[in-house]
Amino acid sequence: MGQKGPLRWRSGSGWLVLCGGQEAEEVHRMALARSAPGLAVVVAAAETPETARAYEHRYRAWGGPPCRVLTLRSREEAFQTAHARTLLEARLILIADGDIRRLLETFFDTPALQAMLTAYHAGAVLVGIGAGAEAMGTWVLRSGREETLGAWGWLPGAFVVSHYTPEVARALQAALHRRPFAYGIGLAEGAALALGPHDQIERWGAGEITMIFGARWLHPG
């Protein structure tokens with residue numbers, strides 16, 4: 001388990017990159033620099049592939065590696081062996097922003113999700129944009145900010161909150177009141193938190209990153 005202060009994340013030879021949304025070119029260039037030469041894959045659980053295709057065009061313009069787009073619309077597609085094999089071969093995996101509920105429902109306990117983890121353990125860079133970043137935490141705040149959803153748990157005990165604003169901060173504080181042992185990572189537009197091997201932590205982009213802790217962190221015992 002990687003750890004730096006209160007932050008904990010799944011151990012691996014690669015990087016987990018949490019981006020708040022509307023990321024700067026710098027974030028992608030840093031991800032490309034951290035990844036080994038090889039295939040880049042853009043993953044989207046969306047109705048249409050336009051957003052994912054846009055990333056493919058950007059990587060090509062930046063001189064990036066060969067890029068594949070996987071637009072997985074259902075759990076059946078996330079169970080397909082060919083998709084899992086593509087993810088296993090990737091050195092850079094970008095999980096695009098979109099509907100967080102669809103993303104969680106599509107990938108939960110599937111070969112596609114396990115393939116992403118296996119690639120990360122082998123050294124791949126996994127970049128989550130917006131909903132893709134939120135899915136890496138343990139819980140997700142939903143629209144209306146009253147409901148919480150279980151996420152993938154790659155950051156134990158954490159809410160990862162993208163598109164972070166003061167209004168969202170109040171909702172996060174309410175969620176932490178219900179889970180006093182948890183903490184929240186607020187990622188503003190353009191901010192990225194990169195978690196690497198050997199307990200490395202880096203901040204990419206220009207936006208702010210905010211940490212908020214539940215009561216049991218502040219008043220242990």
Side-chain angles (χ1 to χ4, degrees), residues 9-10 12 14-23 27-28 31-32 35-36 38-60 64-143 147-155 158-163 187 192 195:
W9 62 95
R10 288 190 72 115
W15 287 78
L16 297 178
V17 183
L18 317 174
C19 188
Q22 294 187 6
E23 72 290 347
V27 173
H28 293 286
L32 288 167
S35 63
L39 179 67
V41 176
V42 179
V43 177
E47 294 294 341
T48 58
E50 282 80 4
T51 299
R53 294 290 180 194
Y55 286 118
E56 179 189 24
H57 296 325
R58 289 186 205 175
Y59 281 169
R60 187 182 307 157
C67 188
R68 288 279 306 278
V69 174
L70 297 181
T71 305
L72 306 182
R73 300 180 178 89
S74 67
R75 290 182 58 78
E76 288 76 14
E77 290 178 312
F79 270 93
Q80 290 184 15
T81 301
H83 295 328
R85 186 180 299 116
T86 296
L87 291 165
L88 283 172
E89 296 171 354
R91 309 315 300 154
L92 172 64
I93 299 173
L94 187 149
I95 308 167
D97 201 356
D99 186 322
I100 184 62
R101 183 183 290 277
R102 175 183 290 276
L103 183 64
L104 294 176
E105 290 177 349
T106 297
F107 286 94
F108 180 74
D109 199 23
T110 63
L113 185 62
Q114 185 56 51
M116 287 195 285
L117 267 180
T118 301
Y120 162 67
H121 290 153
V125 177
L126 271 61
V127 182
I129 307 294
E134 293 183 358
M136 295 183 187
T138 299
W139 302 284
V140 172
L141 290 176
R142 283 296 297 137
S143 58
E147 178 191 9
T148 58
L149 299 174
W152 296 338
W154 297 355
L155 281 77
F159 284 90
V160 177
V161 185
S162 66
H163 310 285
L187 302 166
L195 309 172

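Quick note: numbers below take in every heavy atom, side chains included, and nothing from hydrogens, waters or symmetry partners.
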Under 3.5 Å: donor-acceptor pair, side chain of Glu89, backbone of Thr86: no

Side-chain (Ser162) to main-chain (Cys19) donor-acceptor, under 3.5 angstrom: no

Donor-acceptor contact present, side-chain Arg68 to main-chain Leu87, <3.5 Å: no

Inter-residue atom distance Phe107.CZ - Arg102.CZ, 0.5 Å rounding: 11.0 Å

Met136 versus Ile95, closest heavy-atom pair with distance: CE-CD1, 4.1 Å

Other residues, nucleotides, ligands: >12 heavy atoms within 6.0 Å of Phe108 CZ: no

Smallest separation among heavy atoms of Ala78 and Pro111, with atom names: O-CD, 3.7 Å

Separation of Leu195 CG from Trp9 CH2 (nearest 0.5 Å): 5.0 Å

Atom of Arg75, atom of Asp109 and distance for their closest heavy-atom approach: NH2-O, 4.0 Å

Minimal non-hydrogen separation, Leu92 against Ala31, with atom names: CD1-CB, 4.0 Å

Parallel, tilted or perpendicular: ring planes of His28 versus Tyr59, cut at 30 and 60 degrees: perpendicular

Step-by-step side chain to side chain contact (heavy atoms under 4.5 Å, CB included) determination, Glu76 to Gln80: CA-CA 7 Å; Glu76 288 76 14; Gln80 290 184 15; 5.6 Å; no

Within-4.5 Å side-chain heavy-atom neighbours: Val160 and Trp154: no

Nearest atoms (heavy-atom pairs only) where Leu187 meets Ala133: CD1-CB, 4.3 Å

Set of salt bridge (Lys or Arg N to Asp or Glu O under 4.0 Å) partners for Arg85, sequence neighbours left out: none

Within-4.5 Å side-chain heavy-atom neighbours: Leu72 and Thr110: no

Please list every donor-acceptor pair under 3.5 Å in which a side-chain atom of residues 118-131 meets a protein atom from a residue at least two apart or in another chain.
unit_1: Thr118; atom_1: OG1; unit_2: Gln114; atom_2: O; d: 2.9
unit_1: Thr118; atom_1: OG1; unit_2: Gln114; atom_2: NE2; d: 3.4
unit_1: Tyr120; atom_1: OH; unit_2: Arg10; atom_2: O; d: 2.6
unit_1: His121; atom_1: ND1; unit_2: Leu117; atom_2: O; d: 3.4
unit_1: His121; atom_1: NE2; unit_2: Ser11; atom_2: O; d: 3.3

Least distance between heavy atoms, Ala151 atom then Glu134 atom: CB-O, 3.9 Å

Donor-acceptor contact below 3.5 Å, side chain Thr106 vs main chain Leu103: no

